[in-house]
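I have placed the structure first, in the form of structure tokens, so that the comments after it can refer back to it.
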Amino acid sequence: MAPSFTSNTATLQKYQSLPQKGTLIAEYIWIDSEGATRSKSRTLPEKEYKPEDLPMWNFDGSSTNQAPGDNSDVYLKPVAVFPDPLRLGSNILVLCECWDSDGTPNKYNYRHETAKLMEAHAEHKPWFGLEQEYTLLDLNGRPYGWPEGGFPAPQGPYYCGVGAGRVVQRDIVEAHLRACLYAGIKISGTNAEVMPAQWEFQVGPCEGIEMGDHLWVARFLLHRIAEDFGVKVSVHPKPIPGDWNGAGLHTNFSTKEMREEGGMKHIEAAIAKLGTRHQEHIAVYGEENEKRLTGRHETGAIDQFSYGVANRGASIRIPRECAAKGYGYFEDRRPASNACPYQITGIIMETIFGPV
């Protein structure tokens, strides 16, 4: 196999330092039919842009399985703008929704309906915090740092580990953290996870639709930075079969009522509603999640709904501190690492407060 590519940063810097002469580069980002990010670049006059100031664009949806070949134009509608930590300067990242030529949201545009739910129930001030687990792979699809043809020592020393032999590719994690901070993404932390070569970053608290926007751009940056290191990122919920932890997208949620004195009754009422729609939630909580939600490795069983205080083997965990205070938040531990944050946050809002 050909050697993996890594960026020649010294050579690249020679070109990145060239003046742009009144022009900025806007990287338009969207989510494709498989739940991956795509992007392409355009130049615009240099000035400060809000989403509504940016031109709509389009792409060939037949090449991303988002449209048929005989009507392939899918339109990109800018919805959020971030400073670009990759190109620096006045350059920007532009997160977009996908719209069909007839003026309707593309079938893979999950943001549109979730944004309506967030707006309809904005008086509850919904806060979300999502914990994105992922695995770093070499170009052969093997977890980075694992012995060729074998396995590392059993789980135990890797979670929040420090030192060679315990963690790998910390450079990617550090670069991603700094890039997110530069971009204004509400990244709140990182840590090594239970399986070697597995990491996690957290985004939030974010209010409303901002949660999905920030997490998707953080995902884009993770893949883009790992590309520079010649490393692949997997968000598969069970990257390695057997006695290894899977990867989730644990979702922390609260409303202003839950965060105030006496909020536990609102938390318990919300959890009761979640229990009545367990299968509907599982349906949008990620592909192949059944390989992860086995009732083992800090998960609840996929066919059972449960909750408990400080119980990481339940569907819903109430942190012990919140139970002691009588208010706070709860954690939905069911979503898989490959789930769409718009779908997760949308169905939580719909289940607790009703559709719009």
Side-chain angles (χ1 to χ4, degrees), residues 20 22-119 132 179-180 182-186 203 206 208-225 227 233 235 284 338-346:
Q20 294 180 193
T23 299
L24 64 75
I25 305 168
E27 192 72 13
Y28 277 49
I29 302 164
W30 71 96
I31 299 102
D32 69 12
S33 63
E34 302 296 326
T37 51
R38 307 261 183 152
S39 75
K40 61 178 184 172
S41 310
R42 70 181 299 166
T43 59
L44 295 168
E46 185 175 19
K47 64 176 187 177
E48 189 170 329
Y49 287 95
K50 297 178 181 177
E52 58 268 24
D53 302 327
L54 287 157
M56 289 187 67
W57 206 8
N58 63 76
F59 66 93
D60 171 16
S62 68
S63 295
T64 63
N65 197 32
Q66 289 172 274
D70 60 357
N71 187 17
S72 62
D73 285 356
V74 177
Y75 290 86
L76 293 170
K77 177 185 177 182
V79 293
V81 180
F82 300 84
D84 186 345
L86 305 171
R87 294 187 172 110
L88 304 178
S90 59
N91 303 303
I92 54 176
L93 304 176
V94 181
L95 182 65
C96 301
E97 284 188 9
C98 295
W99 287 71
D100 292 336
S101 58
D102 62 1
T104 60
N106 185 264
K107 65 180 179 179
Y108 299 105
N109 177 355
Y110 301 119
R111 185 185 188 278
H112 179 68
E113 290 299 321
T114 295
K116 292 196 294 187
L117 282 162
M118 297 300 181
E119 184 176 356
Q132 177 70 70
C180 286
Y182 179 95
I185 292 166
K186 293 183 177 179
V203 175
C206 295
I209 199 65
E210 180 184 63
M211 182 69 253
D213 293 349
H214 281 231
L215 188 68
W216 270 116
V217 177
R219 282 178 169 180
F220 166 80
L221 287 171
L222 178 62
H223 284 272
R224 179 60 185 80
I225 289 165
E227 173 190 323
V233 177
V235 290
V284 297
N338 58 3
C340 173
Y342 296 132
Q343 290 183 287
I344 296 170
T345 58

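Here the structure is a predicted model, which means the values were calculated and not measured. Note: hydrogens, waters and symmetry copies are ignored here, and every other heavy atom, side chains too, is used.
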Is the closest side-chain donor-acceptor distance between [X] and [Y] under 3.5 Å?
X	Y	result
Asp84	Tyr182	no
Ser41	Arg87	yes
Thr23	Glu46	no

Which pair of heavy atoms, one from [X] and one from [Y], lies closest together, and at what distance?
X	Y	answer
Ala183	Pro83	O-CD, 3.2 Å
Lys40	Asn58	NZ-O, 2.6 Å
Val74	Ala67	CG2-CB, 3.7 Å
Ala26	Leu44	CB-CD1, 3.9 Å
Arg219	Pro341	NH1-CD, 3.7 Å
Leu117	Gly346	CD1-O, 3.4 Å

Discussion item. Before we go on, tell me: are the rings of His214 and Phe82 under 6.0 Å apart, centre to centre?
Written reply: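 His214 vs Phe82: aromatic centres under 6.0 Å.
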To the nearest 0.5 Å, what is the distance between [atom1] ([X]) and [atom2] ([Y])?
X	Y	atom1	atom2	answer
Met118	Met211	CE	CE	9.5 Å
Leu93	Leu221	CG	CG	6.0 Å
Leu76	Glu97	CG	CD	10.5 Å
Phe220	Glu27	CZ	CD	5.0 Å
Ile31	Ser39	CD1	OG	11.5 Å
Trp30	Gln66	CH2	CD	8.0 Å

Looking at side-chain heavy atoms only, is the closest gap between [X] and [Y] below 4.5 Å?
X	Y	value
Arg111	Asp213	yes
Asn109	Asp100	no
Ile209	Thr114	yes
Cys340	Trp216	yes
Pro55	Tyr28	yes

Worksheet item: Any ion pair linking Lys116 and Glu113 (charged N to carboxylate O, less than 4.0 Å)?
Response: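 Yes, this pair counts.
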Fill in: Check against side chain to side chain contact (heavy atoms under 4.5 Å, CB included), Gln132 and Leu222
CA-CA 11 Å; Gln132 177 70 70; Leu222 178 62; 5.7 Å; no
Does [atom1] belonging to [X] count more than 12 external heavy atoms closer than 6.0 Å?
X	atom1	result
Glu119	CD	no
Lys107	NZ	no
Glu48	CD	no

Worksheet entry | N/O donor-acceptor pair under 3.5 Å between Asp53 side chain and Lys50 backbone |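 Checked: pair present.
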Worksheet item: Is there a donor-acceptor pair closer than 3.5 Å between any side-chain N or O of Ser33 and the backbone N or O of Thr64?
Response: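 Side chain of Ser33 to backbone of Thr64: a pair is present.
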Fill in: Candidate pair Arg38 and Phe59, rule side chain to side chain contact (heavy atoms under 4.5 Å, CB included), full reasoning
CA-CA 10 Å; Arg38 307 261 183 152; Phe59 66 93; over 6 Å; no
